[in-house]
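A note on names: the letters A, B, ... follow the listed sequences, proteins ahead of strands, and every chain is numbered from 1.
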Amino acid sequence: MTLVHDDELDTATPAVAAMPESTVASSLTPPEPEPVGILDEHAKREVRRAMLSAVCIPGYQVPFGSREMPVARGWGSGGLQITLALVGADDVVKVIDQGDDEGVNAVNLRRLITDTTGAEETTEVDEATVIQTRHRIPEDEPTDDQVLVLQVPVPEPLRGVERDMMELARMHAEADYARMWVSLYEDVVRNGVITKSTGYPCLVGGRYVMATTPIPRWDVPRLHQSPFLSLFGAGRERRIYAVPPLTDVEPLTFDDIPFEVERTEGATCSLCGATEAYLVEVPASRPGGEGRWTCSDTAWCRRRREQNAEEAS
Amino acid sequence: MISTERQVVLEVRGLGKLFGDQDPGAVVRTGPELGTAKDPQGNTVVAAWDVDFEVAAGEAFGVIGESGSGKSTVMRMIAGDVTASAGTVRLRKRDRSRVDLLGLTPSERRALRIDELSIVHQDPADGLDLRVTAGGNIADPLTAAGWRNFGQIRERAAELLTRTEVPLDRMDDLVKTFSGGMKQRVQLARALANNPPLVLFDEPTTGLDASVAAGVLDLIRDLIESLGIAAVVVSHDFAVIEMLTSRCMVMQHGRMVEQGVTDQLLEDPIAPYTQRLVAAARA
């Protein structure tokens, strides 16, 4: 390494100019993807052990090592580690972000997974063996031979009511969820309804309260008695939890206040015409124009459009 | 026909607590006669020893003494916040079974605190979540006991707040916006939420000014009588003990120096220490 004196920095010559041409070129060209995995076999085993514990104790947050990933923590590093510990060359991976296979983060994670594991990629639910997702369960329900991997930002459902880690551990251990109920009570008193949208708290298998983060309420009932395995990974918080197939997932709500999913009266997908899907609002492209609704699950929406076109012709 | 038989709810026998070195020999080297609770030959503090009393349903028992006399330690041992060094504390539960409070695990004790034993603290911040509404503070023990119907929780909270004379239009206000007396009334409502057979009062009116304290004391006495709860009232204030309790004991240097009917004990104290205390209070 060359030492650069302060006075030399004042000159207009950029530091890179001093480097040989070939070095500059190689540092700017992305390296060819190497076939070696990001997680070594020991790391994969550790993650799998945490996953097994999580499956054995539905809804319980199992601590795991959470290694550094080539993505920032908070950008799906937890889900990524689960996927990397699960897949091999004979797997087919679908990655979605907000239901969209073409979201920048989804594309990058999918490339990373396929390049380093040799797994195939797909956008079709029925072709995938592992579906990694942020924010959605695909509209087409996965089956009992598929695994849903969710990227979780905040795994602790009680974070809003308690910050002390020891007290949180005690509350889960004793199933003491009174303060969660108080927060729901306060919400109804203040707002007339339970306002919690993503991360709605659910009782899993009649025992642990779990954050269904970050899926919308729309998808919460779909976790209940689902045929597929759901694995939740929080990389930053170093926790893995699971909803095994055919497990009860009950949203916390009062007996006289029914749990409701998001729904906008009259909203229809402007692309495929769907009404019975999770729709997102697309803001107007120019001021004063009207916003429109589209399906959040883009692959599902595209297939519906293709079917519509076939039927029309 | 209502049975006139006295139903003992709380039975305390030989309760004791040593702090510091756990030297049992310290017991004979301390006490009122020796003028200290701290072992002169070691590092043991005999915070309480040989404490016996019982409280029946609908009865309030007073524990009086100056700071450091051990009255708070007795209270905290019954509540389970301090582990006892000796003795038994038997509670008659709502299902009439009896349980030794000292033999419970922390989680069993917390479960008991939901509907068998409540505490009204001197500082409302210890017994309430001030960032939550009055109704929410009552919803806490109710949901802990399994209530899951919003309408019923509201109804029960309103009933309790009415009972403790908190205006219902404040039910949905945060408790931190309440006056001291009002906070104490909310604490009472919360303590009574699940009809516990035993309620412990720790200096319940010490932080309040005289006129507000009188109102709260009236209310507490009325609640103890009408609900038939057994109460233990810890206070350094004779006026509180006189107003609330029918029997009481006086503590000094970790020992019980006198126990009896409150009126009698205050009118005709036997122990010299009690005589001095009463004289000081009446002066």
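- Proximity to chain B among residues 238-247 of chain A is not found for any residue, judged by heavy-atom separations below 4.5 angstrom.
- Among residue pairs with one or both ends in residues 161-200 of chain B, none qualify as ring-ring contact (aromatic ring centres under 6.0 Å, His included); sequence neighbours excluded.
- The ring pair (Phe, Tyr, Trp, His ring centres under 6.0 Å) test applied to B:Phe61 returns B:Phe53, not counting sequence neighbours.
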Could you list every donor-acceptor pair linking chain A to chain B (distance under 3.5 Å, backbone and side chains)?
{"from": "A:Glu174", "atom 1": "OE1", "to": "B:Arg110", "atom 2": "NE", "distance (Å)": "3.0"}
{"from": "A:Glu174", "atom 1": "OE2", "to": "B:Arg110", "atom 2": "NE", "distance (Å)": "3.3"}
{"from": "A:Glu174", "atom 1": "OE2", "to": "B:Arg110", "atom 2": "NH2", "distance (Å)": "2.6"}
{"from": "A:Tyr185", "atom 1": "OH", "to": "B:Arg154", "atom 2": "NH1", "distance (Å)": "2.8"}
{"from": "A:Glu186", "atom 1": "OE1", "to": "B:Thr133", "atom 2": "N", "distance (Å)": "3.0"}
{"from": "A:Glu186", "atom 1": "OE2", "to": "B:Thr133", "atom 2": "N", "distance (Å)": "3.4"}
{"from": "A:Glu186", "atom 1": "OE2", "to": "B:Thr133", "atom 2": "OG1", "distance (Å)": "2.4"}
{"from": "A:Asp255", "atom 1": "N", "to": "B:Arg148", "atom 2": "O", "distance (Å)": "2.6"}
{"from": "A:Asp256", "atom 1": "OD1", "to": "B:Phe150", "atom 2": "N", "distance (Å)": "2.7"}
{"from": "A:Asp256", "atom 1": "OD2", "to": "B:Phe150", "atom 2": "N", "distance (Å)": "3.3"}
{"from": "A:Asp256", "atom 1": "OD2", "to": "B:Gly151", "atom 2": "N", "distance (Å)": "2.7"}

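- For B:Ile153, the part lying under 4.5 angstrom from a heavy atom of chain A is the side chain only.
- No more than 12 heavy atoms of other residues, nucleotides or ligands sit less than 6.0 Å from atom OH of A:Tyr60.
- For the set A:Leu252, A:Val188, A:Ile257, the entry with the most heavy-atom pairs within less than 4.5 Å of chain B is A:Val188.
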